[in-house]
*Asks:* 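Mind having a look at this structure? Questions to follow.
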Number of protein chains: 2
Amino acid sequence: MTTKDPQAPRLAGLAGLMADETRAACLLALLDGRAWTAGELARHAGVAASTLSEHLGKLVAGGLLSEERQGRHRYVRLADARVAQLVEDLAAYAGAGPGDVVGRPRGLRAVSAGSAMARGRTCYDHLAGRLGIAVTDALALRGLLRVDTGFALTDAGVEWFGAAGIALRRSGRRPLARACLDWTERRPHLAGVAGAALCEHALDAGWCVRIGSERAVKVTAVGERALHELLGIEEGALR
Amino acid sequence: MTTKDPQAPRLAGLAGLMADETRAACLLALLDGRAWTAGELARHAGVAASTLSEHLGKLVAGGLLSEERQGRHRYVRLADARVAQLVEDLAAYAGAGPGDVVGRPRGLRAVSAGSAMARGRTCYDHLAGRLGIAVTDALALRGLLRVDTGFALTDAGVEWFGAAGIALRRSGRRPLARACLDWTERRPHLAGVAGAALCEHALDAGWCVRIGSERAVKVTAVGERALHELLGIEEGALR
DNA sequence: CGGACACTTCGGCCCCCGCCGAAAGGTCGC
DNA sequence: GCGACCTTTCGGCGGGGGCCGAAGTGTCCG
């Protein structure tokens, strides 16, 4: 007995990094895929700057965050897509706990922020919300993405990305396509290399723009046309 | 500011359940997909029965474990495949930390246990180790499973399961196929509904049998023949 | 150079939580 | 019914860790 798994301390340590409400709030905020300063995170989390500094130290030491110092600022972001995926998965499970009704935001401000978020947002490096679902559905409908038997691009799907001028950089072991559970739509949307490439292209090409400094994004007129031409998504479906 | 995400406490709470070494050891042990008694887990983790009882209370209350009381025994198991997936994902990330060499077990007993585990084992409800990889590769090679552009069964793959007499019960929102990172092989293997159905069939049909009370499994002579006939896996490749 | 600003370090406080052993509650077998 | 066994409850102990404010370091700007 006492054959205790040598992995237990590591698992506990990793979980411990997320097991604090303040650190959890940071990780969730950083799910927008961008870099935040320590001060922004402190205000966001509602703790003293000194407290947050210690939290960042732990998260960076634990490998969950990467940091970049610029002058008197300390910028941090999620270390990579794997971390984002872990946080997303845990948050999705924690949010959809048994007997728990999703989100239903309270108050007017929450409602409007919520509806903008629900319409379209980034989820680390890919699109989510109704926008993400619409794109995923359109890809599936046109036979470019299998969603019923797993999540994988078809050959036609790979071609489609090439034809649209969106490069799929197969990097290391990150999957080309994977499902990410959408917490507003309760359905999976496209993530992975393809999801990230599509999102990057959508922002670069002006298909959508970020709303303020939030995760929420808005589809532009250009984007509506492009999504209609390339994927047959009805114009006006995402307003 | 202080727009703190309402999900932060839930995320922190969930992570907190796994943030203790003893509880982590329990969760890892339960990854074998079977039910353990409280006493077994206490011995495994090396703590007093009373201590472990409290841990089980938290894990059950948190929804990670389900329990079944039989007489003077309390059997617990992972609540469902989603929990198993979370634990697997976290353990995989924690185990493959930066600059960290995998496993390389110390001592003779660990070596033999390790090699049996590396040869073939269950990973909650599907096959893993070299056996799991061999099956995944064989499915991919025969065009039954896409692995290069994501993880999804092809139409031929769905047919193959039917022809082999393995029912694919599409249940709720669990994906038919998904990738699970193998920590001995460092490559993804087949999980999801299809992976579970295949594993269940393999055990029922005597293709493989469990070694002792471990997660490790051994391929039988019957299994070798079946895997050769159905998937073209070389006999002897898994000894 | 001096002040504003972003962040970090330090000391101290307090609460939380994991641990144990002792005792109690159930269940099984004889 | 009486032990043997598995599990749970309870008190008490000890350590770890999150919090703050104050002071210190480093950077930018005028």
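Since the structure is predicted, the reported quantities are computational estimates derived from the model, not experimental observations. Numbered from 1 within each chain, the chains take letters A, B, ... in sequence-line order.
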*Asks:* Would you say the side chain of B:Thr22 and the base of C:dG18 hold a donor-acceptor pair, judged only by whether the two atoms sit under 3.5 Å apart?
*Replies:* no
*Asks:* Give the ring-plane orientation class for A:His201 versus A:Trp207, where under 30° counts as parallel, over 60° as perpendicular and anything between as tilted.
*Replies:* perpendicular
*Asks:* Does B:Ala49 reach a base, just sugar-phosphate, or nothing at all? Heavy atoms under 4.0 Å.
*Replies:* base
*Asks:* Taking OP1 and OP2 of D:dG18, is either one under 4.0 Å from a side-chain nitrogen or oxygen of A:Lys58?
*Replies:* yes
*Asks:* To the nearest angstrom, how far is B:Glu54 atom CD from D:dC10 atom C1'?
*Replies:* 9 Å
*Asks:* Check each residue of residues 67-76 of chain A for a non-hydrogen atom within less than 4.0 Å of any atom in DNA chain D, then write out the ones that pass by number, or none.
*Replies:* A:Gly71, A:Arg72
*Asks:* Please report the end-to-end axis angle for the helix from C:dC1-D:dG30 to C:dC30-D:dG1, five pairs per end, rounded to 10 degrees.
*Replies:* 30°
*Asks:* Is there a donor and acceptor pair, one atom on the side chain of A:Ser50 and one on the base of D:dG21, closer than 3.5 Å?
*Replies:* yes
*Asks:* Is it true that B:Arg174 and B:Asp125 have a side-chain N and a carboxylate O under 4.0 angstrom from each other?
*Replies:* yes
*Asks:* The test is salt bridge (charged side-chain N to carboxylate O under 4.0 Å, His left out); show your working for A:Arg34 and A:Glu40 and say whether it passes.
*Replies:* CA-CA 12 Å; A:Arg34 290 177 297 174; A:Glu40 285 169 343; over 6 Å; no
*Asks:* Do B:Arg187 and B:Thr136 pair up side chain to side chain, a donor and an acceptor below 3.5 Å, judged on atom types alone?
*Replies:* no
*Asks:* Phosphate oxygens OP1/OP2 of D:dT7: is one of them under 4.0 Å from a side-chain N or O of B:Ser53?
*Replies:* no
*Asks:* If you assign B:Leu52 and A:Asp20 each to the DNA chain D nucleotide with the nearest heavy atom, which residue ends up on the more 5' nucleotide?
*Replies:* B:Leu52
*Asks:* Between A:Thr122 and A:Arg210, is there a side-chain donor-acceptor contact under 3.5 Å, judged purely by atom types and distance?
*Replies:* yes
